[in-house]
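Working notes, structure below.
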Amino acid sequence: MPNEAGAGLPRRLKASGHRGPARAAAGSRDPGEMGADEPLQHEPPEDVPPGQELAEREAPGHEPPGHAYRERKPPQREPRERESLERQIRFVIEADRLKKIARQSRITDGTRRENSAEHSWHLALMALTLGGHAPAGTDLGRVMAMVVVHDLVEIDAGDLFVYADSAAHARQEVAERAAADRIFALLPEPQAVAARALWDEFEERRTPEARFARALDRLQPMLLNMQTGGGTWVAHDVPLDQVLSKVELIEEGSATLGGYAREMIAQAVDRGFLRAVADPRAG
């Protein structure tokens, strides 16, 4: 950044005091001999033809020495555009609250419970990594968008244990729909409509993208449980049949991931993470 204190200095100061006969006759003095109250006069380099330097300084876009930086005002936006941006920023800031919502599952080292924002990130990474196991033609970009927004409603509704009873799930559904009404409405049109449509699509599982997204959502806690000595299965004494009902959701979205989940559940039974019950699908 240029030194503003030297903004008025010429581009080149001559080392010699010689100025030619005409200047000597006019009483010109060497810059090194001038007093502190005598300003230095700007002199063009000797090899620049007369008038050329002035033309350069006056050329469009030319900024004189010491003025390389000028304060520039931000571009002016139309009121509607400004309002749209403000609503988008408000939504983004609101979404940060998801980091405070604790889930049941513990992270793989077992030291703490994951939060819902971490869960959403993990699902997006799983979609990117495991997308090859989705049905042919699945729009993985839409899957990733779905898993990023689907848990935002927990900002208001909180997280519910997946193996909670049906009455608790009914109450949670009402709370989450109210949260979706509020949170997605923070966005400007048509983003609010598009985001809410993604959330509804995930909940209703009516498309291959939604079913694959839901498969990832059900597989992820199982993976964490296997890495934490049974995790929530052991902590809540979850029976095998309840876990297998979630495996069916995984199979709806991906036959490959569903098969992997069944193998993993069989290992969980062998390792004592799950209470075995008579069920032909257990093996």
Side-chain angles (χ1 to χ4, degrees), residues 83-130 141-188 191-205 210 213-238 246 249:
E83 180 187 358
S84 178
L85 175 59
E86 291 289 351
R87 293 181 66 173
Q88 290 168 332
I89 295 298
R90 196 180 315 134
F91 173 81
V92 169
I93 293 173
E94 181 72 6
D96 186 75
R97 295 176 57 197
L98 195 63
K99 298 173 184 176
K100 297 180 63 175
I101 306 301
R103 291 173 54 84
Q104 293 290 327
S105 300
R106 291 190 168 272
I107 60 175
T108 53
D109 68 0
T111 56
R112 64 173 176 84
R113 293 158 63 185
E114 70 170 351
N115 64 54
S116 290
E118 292 169 330
H119 173 70
S120 298
W121 161 80
H122 210 180
L123 294 186
L125 184 63
M126 289 173 68
L128 182 66
T129 306
L130 303 174
R142 191 168 183 82
V143 172
M144 293 182 71
M146 225 176 280
V147 298
V148 166
V149 305
H150 89 283
D151 270 338
L152 286 174
V153 294
E154 293 182 2
I155 291 171
D156 291 352
D159 177 63
L160 178 68
F161 186 42
V162 67
Y163 300 110
D165 60 38
S166 58
H169 277 283
R171 291 191 297 270
Q172 183 73 4
E173 182 178 351
V174 172
E176 288 188 354
R177 291 199 172 277
D181 291 342
R182 182 190 75 82
I183 294 170
F184 295 124
L186 295 175
L187 284 165
Q191 281 187 306
V193 174
R196 177 57 187 263
L198 279 173
W199 187 81
D200 287 335
E201 183 178 339
F202 177 90
E203 291 296 307
E204 296 166 9
R205 306 198 312 274
R214 180 60 70 92
L216 299 176
D217 188 42
R218 292 280 66 86
L219 178 63
Q220 190 259 6
M222 295 181 182
L223 295 174
L224 295 184
N225 281 348
M226 291 297 291
Q227 298 299 314
T228 54
T232 58
W233 295 330
V234 173
H236 296 274
D237 193 25
V238 178
K246 307 307 177 186
L249 288 175

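This is a predicted model, so every value here is computed, not measured. Numbers for residues simply follow the sequence, beginning at 1.
Within the 3.5 Å criterion, the main-chain N or O of Gly158 finds a donor-acceptor partner in the side chain of Gln172. Put simply, the side chain of His169 gets close to the backbone of Val162: a donor and an acceptor are under 3.5 Å apart. Of the possible polar contacts, none joining the Arg196 side chain to the Ile183 backbone as a donor-acceptor pair under 3.5 Å is found. Although no hydrogens or angles enter the test, the distance criterion places no donor-acceptor pair under 3.5 Å between the side chain of Arg205 and the main chain of Ala210.
Side-chain contact between Arg90 and Ile93 is absent, with no heavy atoms from C-beta onward closer than 4.5 Å. Counting heavy atoms from C-beta outward, Glu203 and Arg214 have side chains that approach closer than 4.5 Å. Between Glu154 and Arg103, the closest side-chain pair of non-hydrogen atoms falls below 4.5 Å. Using a 4.5 Å cut-off on side-chain heavy atoms (C-beta onward), Val147 and Met126 make no contact. Between Val238 and Thr232, the closest side-chain pair of non-hydrogen atoms is not below 4.5 Å.
Atoms OG1 and CZ, on Thr108 and Arg106 in that order, are 12.0 Å from each other to the nearest 0.5 Å. Rounding to the nearest 0.5 Å places CG of Leu216 at 12.0 Å from CG of Leu249. The structure places CD1 of Ile101 at 10.5 Å from CZ of Arg113, a figure rounded to the nearest 0.5 Å. In this structure, CG on Leu125 lies 10.5 Å from CD on Gln220, to the nearest 0.5 angstrom. How far CZ of Phe184 is from CG of Leu152: 5.0 Å, rounded to the nearest 0.5 Å. Note that CH2 of Trp121 is 14.5 Å distant from OG of Ser116, once rounded to the nearest 0.5 Å.
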Tell me, with the steps shown, if His119 and Asp159 meet side chain to side chain contact (heavy atoms under 4.5 Å, CB included). CA-CA 11 Å; His119 173 70; Asp159 177 63; over 6 Å; no
For a side chain to side chain contact (heavy atoms under 4.5 Å, CB included) check, start with the C-alpha distance between Arg142 and Glu201, then their side-chain angles and the critical distance, and finish with the verdict. CA-CA 10 Å; Arg142 191 168 183 82; Glu201 183 178 339; 2.7 Å; yes
Report the C-alpha distance between Glu118 and Asn115 in whole Å, list the side-chain angles of each, state the deciding distance to 0.1 Å, and finish with yes or no for side chain to side chain contact (heavy atoms under 4.5 Å, CB included). CA-CA 5 Å; Glu118 292 169 330; Asn115 64 54; 3.3 Å; yes
Would you sort out whether Leu123 and His150 count as a side chain to side chain contact (heavy atoms under 4.5 Å, CB included), showing the intermediate values? CA-CA 11 Å; Leu123 294 186; His150 89 283; 3.5 Å; yes
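With no hydrogens or angles considered, no side-chain donor-acceptor pair links Glu114 and His122 at under 3.5 Å.
When all heavy atoms are compared, the tightest approach of Tyr163 to Lys246 is CE2-CG, 3.8 Å. Taking both residues in full, the closest heavy atoms of Leu160 and Ala164 are given as CD1-CB, 3.8 Å, listed atom of the first, atom of the second, then distance. In plain terms, the two heavy atoms of Val153 and Trp199 that are nearest each other are CG1-NE1, 3.6 Å. Contact between Arg177 and Asp200 at its shortest, heavy atoms only, is NH1-OD1, 3.6 Å. The shortest non-hydrogen separation linking Ala213 to Met146 is CB-SD, 4.2 Å. Shown here for Asp151 and Leu98, the closest heavy-atom pair between the two residues is O-CD1, 3.2 Å.
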